Q: 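A single structure is presented below for examination.
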Amino acid sequence: MPANVVVIGSLNMDLVTRAPRLPRGGETLIGHSFATVSGGKGANQAVAAARLGAQVAMVGCVGNDDYGVQLRDALLAEQIDCQAVSVVEDSSGVALIVVDDNSQNAIVIVAGANGAMSPAVIDQFDAVLRAADVVICQLEIPDATVGYGLKRARELGKTVILNPAPASRPLPTEWFASIDYLIPNESEAAALSGLPVDSLETAKTAASQLIAMGAGKVIITLGAEGSLFANGKGFEQFPAPKVKAVDTTAAGDTFVGGFAAALAAGKSEAEAIRYGQIAAALSVTRAGAQPSIPTMSDVQAFKP
Ligand code: ADP
């Protein structure tokens, strides 16, 4: 079956070290444990959409190293179409993560092969995009490629989602006209709008600003408070299901993947937001990124 959700984005190997505390400059610490875990926001959202019911294709680049093989295999294991995952002469993207005993972390991301995602790669796999209903982008590949991917997906009449993560600066204004659903978290919404976002009221003001800048609809995710939907006519707040949070890594990625999968299955916006929120809530009850992402049957079995 052709993919109905296409993710254009990053694949990173997460190198996760646990240590009593974060090291200071020049210091060597003895850690507790180490694990390599497949990640990257693009790949995480692809896995989320696949587990949550979509036929998914990934457009991305990995390096010609062992991590590249593992990153691709992790997607293939989820039945994700990887014909548009190219192997390039570079190291795969990595995220060096240290987590301390208080769950504080410090992260260094090296783009590696993700930096080879050029607009030409999107043109090369135009047929993959054409087959899709929903196209998702994030910001862990070069800006020029994100902008081109959004524009091309819009030209092809797809439903276009941008999860502007990680964002610490405004987006190019010409991108907005191509975006159907802009899905930032609170800090991303603040960076994009230039306004503070720390409450439902300030989130409403920022969402209105992002719509005034040209985004079609905006969903600001608010952590345990759920999310705020804005369409330029009004707002709707969707409270998050109450769960015992263990690890919020990939909550946003799970929400985006679940929302996209539900839209591609023909659900309404409100149903898609509720579905994404149950999936994201389940993900925070489990440790890790990709390992924490639930399946469609987990969501269907969820009792609030
Ligand atoms: P990010 O992971 O990108 O920082 P958020 O923290 O806003 O994004 O979380 C994304 C979504 O995950 C939220 O909109 C919510 O639906 C869900 N979520 C996050 N934290 C919790 C929590 N503690 N309890 C329930 N749901 C949560």
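Side-chain atoms are counted along with the backbone in the values below, which use heavy atoms only and exclude waters and symmetry mates. Whatever order the structure lists ligands and atoms in, that order sets their numbers, starting from 1. As the structure is a computational prediction, the values presented were derived from the model and not from experiment.
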Q: Heavy atoms only: give me the nearest I141-G9 pair and the separation to one decimal.
A: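 Heavy-atom minimum between the residues: CG2-C, 3.7 Å.
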
Q: Is any side-chain heavy atom of I219 closer than 4.5 Å to a side-chain heavy atom of S227?
A: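 A side-chain contact exists here, since the closest heavy-atom pair is under 4.5 Å.
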
Q: Return the residue, atom name and 0.1 Å-rounded distance of the protein heavy atom closest to atom 24 (N) of ligand 1.
A: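 Looking at atom 24 (N) of ligand 1, the protein heavy atom closest to it is V243 CG2, 3.6 Å.
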
Q: Report the part of P241 in contact with ligand 1, treating N, CA, C, O as backbone and CB onward as side chain, heavy atoms under 4.0 Å; options are side chain, backbone, both, neither.
A: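 The answer is the backbone.
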
Q: Under 3.5 Å, is there a donor-acceptor pair between the Q83 and D81 side chains?
A: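 The criterion, which ignores hydrogens and geometry beyond distance, is satisfied for D81 and Q83.
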
Q: Can R154 and D180 be counted as an ion pair, charged N to O under 4.0 angstrom?
A: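 Salt bridge present between R154 and D180.
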
Q: Please check: side-chain N/O of S10 versus main-chain N/O of K41, any donor-acceptor pairing under 3.5 Å?
A: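 Looks like yes, one N/O pair under 3.5 Å.
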
Q: For ligand 1, does L222 get within less than 4.0 Å through its side chain, its backbone, both, or neither, judged by non-hydrogen atoms?
A: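 Answer for L222: backbone.
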
Q: What's the shortest heavy-atom distance between P23 and V98, and which atoms?
A: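 Result for this residue pair: CD-CG1, 4.2 Å.
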
Q: N185 to ligand 1: N or O pair under 3.5 Å?
A: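 Yes, N185 has an N/O under 3.5 Å of an N/O on ligand 1.
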
Q: Among protein heavy atoms, which sits nearest to atom 23 (N) of ligand 1, and what does the distance come to when rounded to 0.1 Å?
A: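 That would be A224 CB, 3.5 Å.
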
Q: Of the listed options (G252, G226, A280, A189), which comes nearest to atom 2 (O) of ligand 1 when hydrogens are ignored and any heavy atom counts?
A: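 The option holding the nearest heavy atom is G252.
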
Q: Below 4.0 angstrom from a heavy atom of A240, which ligand 1 atoms are there? Numbered from 1 as shown, please.
A: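 Counting from 1, the qualifying ligand atoms are 25 (C), 26 (N).
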
Q: Can you hop from V134 to F255 via hydrophobic side chains spaced under 4.5 Å?
A: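 Shared cluster, yes.
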
Q: Between T221 and ligand 1, is there a nitrogen or oxygen pair with a distance under 3.5 Å?
A: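 Yes, at least one N or O pair falls under 3.5 Å.
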
Q: Provide the number and element of each atom of ligand 1 under 4.0 Å from a heavy atom of A281.
A: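 Those atoms are 25 (C), 26 (N).
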
Q: Which residue and atom name correspond to the protein heavy atom nearest atom 6 (O) of ligand 1, and how close is it?
A: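 Among all protein heavy atoms, the one nearest atom 6 (O) of ligand 1 is G223 CA, 3.5 Å.
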
